[in-house]
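Step one of this worksheet: look at the structure below.
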Amino acid sequence: MQNLHKLLNTKNSELAKILRFNLYGLAATLTKANQEYPLDTGFQLSEEILQELHQLLDPRLLQEVGDLKQPQLIKLKDAFNDDSELKSYLGNSCIQSQIDAEIWNEIHRKLLRVPEDVATFWRHKALELAQEVGAVVDNINLEELPFVRDEIIYPGLSGTVKAKGLCLSQTALVNSEIAQTHLSENLYLIAGFLLLYIKFIEIDPELHHALKSVFSFDVVSLHSKLEQRHQYIDTLSDRFHRLQKSEENTDTILNLCAWIDIDEAIHSLVFIPPAERYSWWGKLQKESRRILRKAADKAMKAGNEVRLKQLSGLYGDVCEFSKDDLQLDCGGNPGEVLTCLRVYTKINQQEYPGRVIFRTLR
């Protein structure tokens, strides 16, 4: 217990955060188990473990866990986990949270990955089921994420269930250090992506990366692989700064290549399975690709021949345009491209392969 206490009190430690989160989960699980099995032969030992957890963790938060017989949003959680249509977009990613605020946030973060019509249906249903237990929608209690515009991503709750919502905040971006330098409109958007991604990686444990220059052989978790997290963020930041420098250069091809690289880094932040193209995440990432096409138009106006191709559809139809692709056995339809990480490019007769994640035929 002594080493646990030391790690929990280590400042600015991701490992401390992970340990604390899991110990709260353990406390909730043991509390519920003790209530269900009071005659179990291990009951007394379990109670002693809970006492030790009380000493390690914040007593006030742990008391909230101990008082929780079952989440008030259990009906919402079960309905969400049982929906077969959601499974087709989210794979086997079920709601694991045991606390109402976490259930609310986990559900709504997952809805950012499904088609907008499905997400809209479930947002309404989630609110209806929350209101059944006395919760009220709250558009003020929101965690702010820096970006180029203001947008409520999803609301919070107040009343019998208290949960923070999530929003994009232009003010948070303006107040950031990176925005203090003069940036063009396009670079300002990429700065927004950089800071938004850093914050999202902190709050969503299901985010992965598929950036070839960081790790080329698989889609890697940014939650369990902290070194990969740091390397991905560093690479994204480096590509942003290289893009800044290329904007000062009159060489439109050099500038286009820098845009291709930053677009790849942005599209390489993925889930398993990847977010659906018409989801909130899919539409967000398309904003980068739209600017990429503007950079291509600029290069063509300077007299260059440029062809960009976003790879989609059947993998067999586009594999000749890609290289070092990754495969998954979930999401989409077998044999289809799940997401285009890097566009195929042809510049003045020189070809540069794209890169995709595709669904296996098995």
Side-chain angles (χ1 to χ4, degrees), residues 17-18 20-36 50 53-54 57-83 85-87 89-90 93-114 116-145 150-169 172 199-200 202-207 223 271 279-281:
K17 292 180 183 177
I18 292 170
R20 186 177 299 276
F21 176 81
N22 283 281
L23 287 177
Y24 282 134
L26 175 61
T29 301
L30 287 178
T31 299
K32 185 176 181 181
N34 285 0
Q35 292 167 351
E36 293 183 3
L50 280 171
L53 290 173
H54 269 282
L57 302 169
D58 187 332
R60 292 169 300 171
L61 293 178
L62 199 57
Q63 185 62 43
E64 291 180 13
V65 173
D67 291 342
L68 187 61
K69 294 181 180 179
Q70 82 169 10
Q72 296 187 77
L73 298 181
I74 187 67
K75 184 177 177 181
L76 169 59
K77 175 182 175 180
D78 290 345
F80 192 91
N81 283 341
D82 291 341
D83 189 288
E85 184 180 16
L86 288 173
K87 285 185 173 67
Y89 298 112
L90 301 174
S93 176
C94 294
I95 305 300
Q96 302 290 340
S97 302
Q98 301 292 331
I99 300 172
D100 285 315
E102 293 175 3
I103 291 172
W104 181 258
N105 277 277
E106 190 177 352
I107 283 175
H108 281 81
R109 287 199 306 268
K110 289 182 187 297
L111 290 178
L112 301 179
R113 299 153 53 184
V114 307
E116 192 58 41
D117 58 337
V118 178
T120 299
F121 169 81
W122 266 101
R123 288 187 192 110
H124 288 310
K125 185 168 184 175
L127 183 56
E128 289 175 0
L129 293 175
Q131 289 172 335
E132 285 182 7
V133 298
V136 180
V137 67
D138 189 338
N139 287 319
I140 298 175
N141 185 25
L142 306 171
E143 182 173 356
E144 295 185 349
L145 305 181
D150 294 327
E151 175 189 327
I152 295 179
I153 301 174
Y154 59 83
L157 292 175
S158 57
T160 56
V161 177
K162 292 177 173 55
K164 269 197 170 187
L166 204 60
C167 72
L168 301 178
S169 169
K199 291 294 292 183
F200 245 116
E202 290 177 3
I203 65 175
D204 197 329
E206 295 194 333
L207 277 167
H223 179 66
F271 296 90
S279 66
W280 183 90
W281 267 107

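Remark: of the listed residues K77, K162, Q72, Q72 is the sole one forming a side chain to side chain contact (heavy atoms under 4.5 Å, CB included) with D100.
Residues L129 and L73 have side chains not in contact (no heavy-atom distance under 4.5 Å, counting atoms from C-beta outward). In this structure the side chain of V136 never reaches within 4.5 angstrom of the side chain of L157, judged on heavy atoms. Looking at L90 and F80, their side chains come closer than 4.5 Å, going by heavy atoms from C-beta outward. The shortest side-chain heavy-atom distance between S279 and E116 does not fall under the 4.5 Å cut-off. Residues F121 and V114 are not in side-chain contact: their nearest non-hydrogen atoms beyond the backbone lie 4.5 Å or more apart. Residues L207 and H223 fail the side-chain proximity criterion, which asks for heavy atoms closer than 4.5 Å. A 4.5 Å side-chain heavy-atom check between R109 and I153 finds every atom pair outside the cut-off. The closest side-chain heavy-atom distance from L166 to L142 is not below 4.5 Å.
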Would E128 and K125 satisfy salt bridge (charged side-chain N to carboxylate O under 4.0 Å, His left out), going step by step from the backbone distance to the final call? CA-CA 5 Å; E128 289 175 0; K125 185 168 184 175; over 6 Å; no

Passes side chain to side chain contact (heavy atoms under 4.5 Å, CB included), L86 versus W122? Steps please. CA-CA 10 Å; L86 288 173; W122 266 101; 3.5 Å; yes

Applying side chain to side chain contact (heavy atoms under 4.5 Å, CB included), run through K199 and E144 and close with a yes or a no. CA-CA 9 Å; K199 291 294 292 183; E144 295 185 349; over 6 Å; no

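Nearest heavy atoms, Q70 versus I74: NE2-CG2, 3.5 Å.
Under the ring-ring contact (aromatic ring centres under 6.0 Å, His included) criterion, Y89 pairs with no residue at all, not counting sequence neighbours.
Between the side chains of T29 and Q98, no donor N or O sits under 3.5 Å from an acceptor N or O.
A donor-acceptor contact shorter than 3.5 Å is absent between the side chain of D204 and the backbone of F200.
Atoms NZ and SG, on K87 and C94 in that order, are 5.5 Å from each other to the nearest 0.5 Å. Taken from OG in S97 to CH2 in W104, the straight-line distance is 13.5 Å, to the nearest 0.5 Å. Considering CD1 of I95 and NZ of K110, their distance stands at 5.0 Å, rounded to 0.5 Å.
Residue pairs meeting the side chain to side chain donor-acceptor pair (under 3.5 Å) criterion with at least one member in residues 150-160, sequence neighbours excluded: N105-Y154, R149-E151, E151-W280.
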